[in-house]
S.K.: 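Got a structure here, written out as structure tokens. Questions coming.
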Amino acid sequence: MLLCIFLCLCTSCSKKKNTIHPQDHTDLYFGVSIHDPYRFIEDTKNKTVKDWIDKKNNEGVKIFKSIANRDKLLDSINNKKNSSSISKINVMSKGYLFYLKKDSKINNAKLFYKKTTEDEKETLLYNPQDFKKETGKNYLINYIKPSWDGSKVLVSLTESDKEISEMIIIDVSSKKVYPQILDHCWPSALGGVKWLPDNSGFIYVYLPVIDTKSKKYLFNSAAVLHKIEDRENKIKPLFSKANNPDIKIQEVDFCEIEIEDPHSQYIYSHVSGATQFTDCYYSDIKQARMGNIKWKPLFKTEDQITRFVQNNDDMIYMTSKDAPNFKICKISLTSPDVSSPTLLVPQDSNAKITDIAITNKGVFFVKTKNGVDAKLFRLHKNGDVEKINLPKAAGYINVSSIGAKYDDLWIEIKGWTSKKERFKYNFKTNIFEKENLSSVSTTNKNFEDIVIEEIEIPSHDGVMIPLSIIYKKGIQQNGNNRVLMNAYGSYGRSNSPYPYSYLLHWVEKGGIYAVAHVRGGGEKGEKWRKAGYKNTKPNTWKDLISCTEYLINKKYTSSSKIALWGASAGGICIGRAITERPDLYAAAIIKVGSLNTLRAEHGTNGANNIGEFGTVKDSLEFKSLLKMDSYHSIQENTAYPALYLVAGLNDARIPAWHTTKFAAKIENATSSDNPILMFIDPEGGHGFNKTQLKKNEELANIISFALWQTGHTDYQLK
């Protein structure tokens with residue numbers, strides 16, 4: 001009987017167990033015929049498709065249940081007694097402190113309040129379980145924004161993992177919830193919420209169409225004003241395509257508003273998208289209060305400005321224009337001209353300027369080398385630059401303040417084995433003092449003996465690629481170590497150090513965790529991003545392949561011991577690495593991955609990503625999209641590694657059919673008996689707002705799957 005069960009499980013892992021049959025479909029792009037045999041899978045309501053997804057989901061559940069010690073691992077994750085987790089910290093001008101807090105056993109973080117950071121007493125302001133109780137649905141807080149005076153706080157709530165949210169306003173002193181519920185919002189992703197300086201109202205991004213199945217999904221966004229006194233949810237646009245016909249706003253653009261601090265004389269608007277640069281306009285803040293603004297141009301996308309702070313009439317900003325690693329400049333808003341600014345801090349050829357904040361004591365900025373080594377500096381009013389001593393070494397630093405009229409300055413730092421810690425700067429002693437708000441920094445005593453190697457290795461074209469290698473002391477370079485390897489490489493985003501759950505559990509099991517800081521990311525500035533962008537995108541996965549070969553050649557591991565993992569746009573890198581070099585990997589895990597780039601612009605949020613990846617309407621960009629398309633790179637009768645693919649049907653960023661089409665095609669094409677497992681969460685989104693229980697379940701699946709496929713004897717099929 002046991003033999004029979006084992007044989008059934010092994011059979012269920014093979015490519016023959018469960019297929020969905022292809023159908024003829026061909027598209028013609030610039031004279032090139034592209035066969036898309038699983039196009040019909042894009043319709044997730046199709047009964048054949050739905051039944052197949054259900055079958056794959058059920059198959060995966062059974063197999064994970066059959067992996068030895070997987071349930072024990074899950075119990076260990078669920079029972080971890082970590083200290084309370086603090087997030088979304090907001091400190092306002094009078095010292096009022098707002099934050100979300102949950103412990104390891106609670107799924108939904110609650111909103112709390114303190115009068116000062118030193119105050120030991122905290123007040124519960126809102127429990128998301130009280131929102132729309134009558135519906136029986138599960139809501140989570142995904143964004144908060146207090147008014148400048150701390151008298152009110154805006155709370156954004158999303159159902160499960162859908163991201164698109166509704167917003168309520170709470171009076172802090174009385175804990176009263178105002179009757180208005182604002183809908184069609186996405187403040188966690190689009191511009192946030194900006195309170196007016198007099199706290200009489202706020203501006204947020206309104207989305208007319210939030211149905212992910214609509215072709216107009218996320219189109220024609222508008223920055224709108226809501227006054228607290230308004231009892232009706234009447235939309236009052238301040239910046240939009242319809243409201244500002246004189247400005248070239250496309251229907252796919254996002255219209256966002258920025259107000260720097262409570263004393264700001266100016267209000268800014270941005271025409272933004274998936275890329276990090278925007279067209280920006282500005283006006284007198286008084287016009288916003290009246291609800292009628294005449295916008296004046298400030299800078300364009302090609303000026304490559306990312307962050308700026310305001311000091312009276314001066315705008316101090318970071319730009320990569322003629323400075324790939326960014327420089328800091330200044331212009332006057334009385335007569336702004338970004339073509340001839342005052343240079344305050346030149347670019348550093350060895351490190352990228354990654355953040356900036358301003359206080360009445362000067363401007364503070366961060367430099368980060370290779371995305372993993374961060375330092376803090378102070379620009380004095382006389383122009384001198386001073387390096388600030390940190391409380392500990394940091395792989396990542398976020399610096400923040402209230403504004404130019406205050407002396408409050410905070411940093412948040414983190415590393416590969418230490419969670420985010422928050423410190424406030426004492427200008428009298430010139431020392432950072434820890435604010436005991438976050439969870440304990442040392443994640444686990446077992447990681448005090450961790451070795452972290454930060455090296456650079458040559459890629460296919462000789463360019464040096466940063467590679468982080470993390471493991472316990474005592475690892476032997478004998479080719480027998482299991483490796484879990486991550487890469488991203490899009491949007492100019494750096495893969496910054498953080499004690500990811502994947503990393504900690506993997507290293508705890510004796511494995512090596514590696515991060516390839518591939519081109520397309522932001523580790524080495526704007527030039528690095530452009531070297532893995534559109535027609536240069538192949539560098540992204542070729543860099544990952546080169547890092548993999550380095551680990552094998554140096555006998556850290558061997559191909560039968562390597563599992564890749566990546567998510568979202570990182571799916572391009574992981575998907576193309578395993579389709580170009582399937583022989584290098586034992587397994588790959590891809591979460592909510594972008595795997596069918598040729599069709600991406602026709603899916604959820606796809607049109608907005610054209611600026612980052614390209615469009616099939618352009619002949620050259622079509623060729624680039626085809627090269628980066630993992631689905632179309634699958635070859636028949638090829639031995640592909642084992643796969644675990646995860647997506648959500650309510651994903652607001654990447655539709656689940658990227659995952660389902662890729663799974664269907666590679667399952668039918670592979671010549672190996674390696675399992676192709678897939679889980680499509682019918683209630684899930686992009687993963688940001690999953691409940692803790694779902695996150696724990698997913699983590700246990702990923703770790704146990706990777707251990708199984710890389711040969712850990714304790715994680716084989718029962």
Side-chain angles (χ1 to χ4, degrees), residues 80-104 106 109-125 144 146 150 354-368 372-378 386-403 406-450 452 496-501 503-504:
K80 269 195 180 302
K81 295 182 178 179
N82 293 329
S83 56
S84 297
S85 174
I86 304 289
S87 63
K88 303 285 193 294
I89 298 170
N90 283 254
V91 183
M92 309 319 292
S93 58
K94 293 184 179 180
Y96 298 139
L97 181 73
F98 299 84
Y99 53 91
L100 299 182
K101 177 182 173 183
K102 68 175 179 179
D103 62 38
S104 58
I106 295 177
K110 301 174 184 178
L111 172 62
F112 287 86
Y113 156 78
K114 285 184 179 183
K115 289 187 176 179
T116 68
T117 55
E118 291 78 24
D119 190 2
E120 293 185 4
K121 180 183 177 182
E122 64 180 9
T123 301
L124 174 63
L125 276 181
I144 61 172
T354 53
D355 204 4
I356 186 172
I358 189 169
T359 73
N360 59 13
K361 304 292 187 182
V363 175
F364 294 79
F365 62 96
V366 179
K367 287 184 181 180
T368 308
V372 296
D373 182 13
K375 309 292 183 187
L376 181 67
F377 298 86
R378 177 182 181 181
E386 170 194 8
K387 184 180 178 182
I388 303 295
N389 291 327
L390 296 173
K392 62 188 296 184
Y396 166 91
I397 301 174
N398 172 64
V399 59
S400 62
S401 67
I402 297 174
Y406 303 87
D407 62 3
D408 302 277
L409 181 78
W410 294 270
I411 59 169
E412 291 180 329
I413 62 177
K414 58 186 181 181
W416 290 120
T417 59
S418 59
K419 290 185 177 180
K420 189 182 293 183
E421 294 179 87
R422 186 177 172 91
F423 299 85
K424 186 173 184 180
Y425 195 60
N426 186 324
F427 282 97
K428 292 181 181 179
T429 62
N430 293 326
I431 294 175
F432 277 105
E433 299 171 351
K434 187 170 183 179
E435 289 190 338
N436 295 314
L437 298 170
S438 309
S439 52
V440 179
S441 62
T442 302
T443 308
N444 190 312
K445 289 183 179 179
N446 293 335
F447 296 103
E448 294 174 356
D449 61 349
I450 287 293
I452 301 173
S496 301
Y498 183 76
Y500 300 103
S501 299
L503 182 163
L504 300 180

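What you are looking at is a predicted structure, and each value in this text was computed from that prediction instead of being measured.
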S.K.: Could you check L111 against I144 for side chain to side chain contact (heavy atoms under 4.5 Å, CB included), going step by step and ending with a plain yes or no?
M.R.: CA-CA 8 Å; L111 172 62; I144 61 172; 3.8 Å; yes
S.K.: Quick one: pull up OH in Y396 and CD1 in I413 and give me the separation to the nearest 0.5 Å.
M.R.: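 Result: 11.5 Å between the selected atoms.
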S.K.: Quick one: do I402 and W410 satisfy side chain to side chain contact (heavy atoms under 4.5 Å, CB included)? Show the steps, please.
M.R.: CA-CA 9 Å; I402 297 174; W410 294 270; 3.9 Å; yes
S.K.: Looking at every non-hydrogen atom in both residues, tell me the closest pair between D355 and N398 and how far apart they are.
M.R.: OD2-OD1, 3.0 Å
S.K.: Which atom names give the shortest non-hydrogen contact between D408 and S401, and what distance separates them?
M.R.: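 Closest approach of D408 to S401, heavy atoms only: O-CB, 3.3 Å.
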S.K.: If every non-hydrogen atom of F364 is compared with every non-hydrogen atom of T359, which pair is closest and at what distance?
M.R.: CE1-OG1, 3.6 Å
S.K.: Measure the NZ-CG distance between K428 and N430 for me, rounded to the nearest 0.5 Å.
M.R.: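 Atom-to-atom, K428:NZ and N430:CG are 12.0 Å apart.
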S.K.: Quick one: pull up CZ in R378 and CG in L409 and give me the separation to the nearest 0.5 Å.
M.R.: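 R378 CZ to L409 CG: 9.0 Å, rounded to 0.5 Å.
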S.K.: To the closest 0.5 Å, what do you measure between OG1 (T123) and NZ (K121)?
M.R.: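 Going from OG1 on T123 over to NZ on K121, the span is 5.5 Å.
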S.K.: Applying salt bridge (charged side-chain N to carboxylate O under 4.0 Å, His left out), can you list everything that pairs with K414, at least two apart in sequence or on another chain?
M.R.: none
S.K.: How far apart are the closest heavy atoms of K110 and F112, and which atoms are they?
M.R.: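 Minimum heavy-atom separation between K110 and F112: O-CD1, 3.5 Å.
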S.K.: For E122, enumerate each residue passing the salt bridge (charged side-chain N to carboxylate O under 4.0 Å, His left out) test, keeping only those at least two apart in sequence or located in another chain.
M.R.: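 For E122 the salt bridge (charged side-chain N to carboxylate O under 4.0 Å, His left out) partners, ignoring immediate neighbours, are K101.
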S.K.: How far apart are the closest heavy atoms of S418 and K392, and which atoms are they?
M.R.: CB-NZ, 4.0 Å
S.K.: Is the shortest side-chain N to carboxylate O distance from R422 to E412 below 4.0 Å?
M.R.: yes
S.K.: Stepwise, does the side chain to side chain contact (heavy atoms under 4.5 Å, CB included) test hold for I411 with L390?
M.R.: CA-CA 9 Å; I411 59 169; L390 296 173; 4.0 Å; yes
S.K.: How long is the straight-line distance from NZ of K114 back to CD1 of I89, given to the nearest 0.5 Å?
M.R.: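 Rounded to the nearest 0.5 Å, the CD1-NZ separation comes out at 9.5 Å.
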S.K.: So, for F423 and Y425, is the gap between ring centers shorter than 6.0 Å?
M.R.: no
S.K.: CG/D373 to CD1/I397 distance, rounded to the nearest 0.5 angstrom?
M.R.: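 It comes to 9.0 Å.
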S.K.: For a side chain to side chain contact (heavy atoms under 4.5 Å, CB included) check, start with the C-alpha distance between I450 and W416, then their side-chain angles and the critical distance, and finish with the verdict.
M.R.: CA-CA 10 Å; I450 287 293; W416 290 120; over 6 Å; no
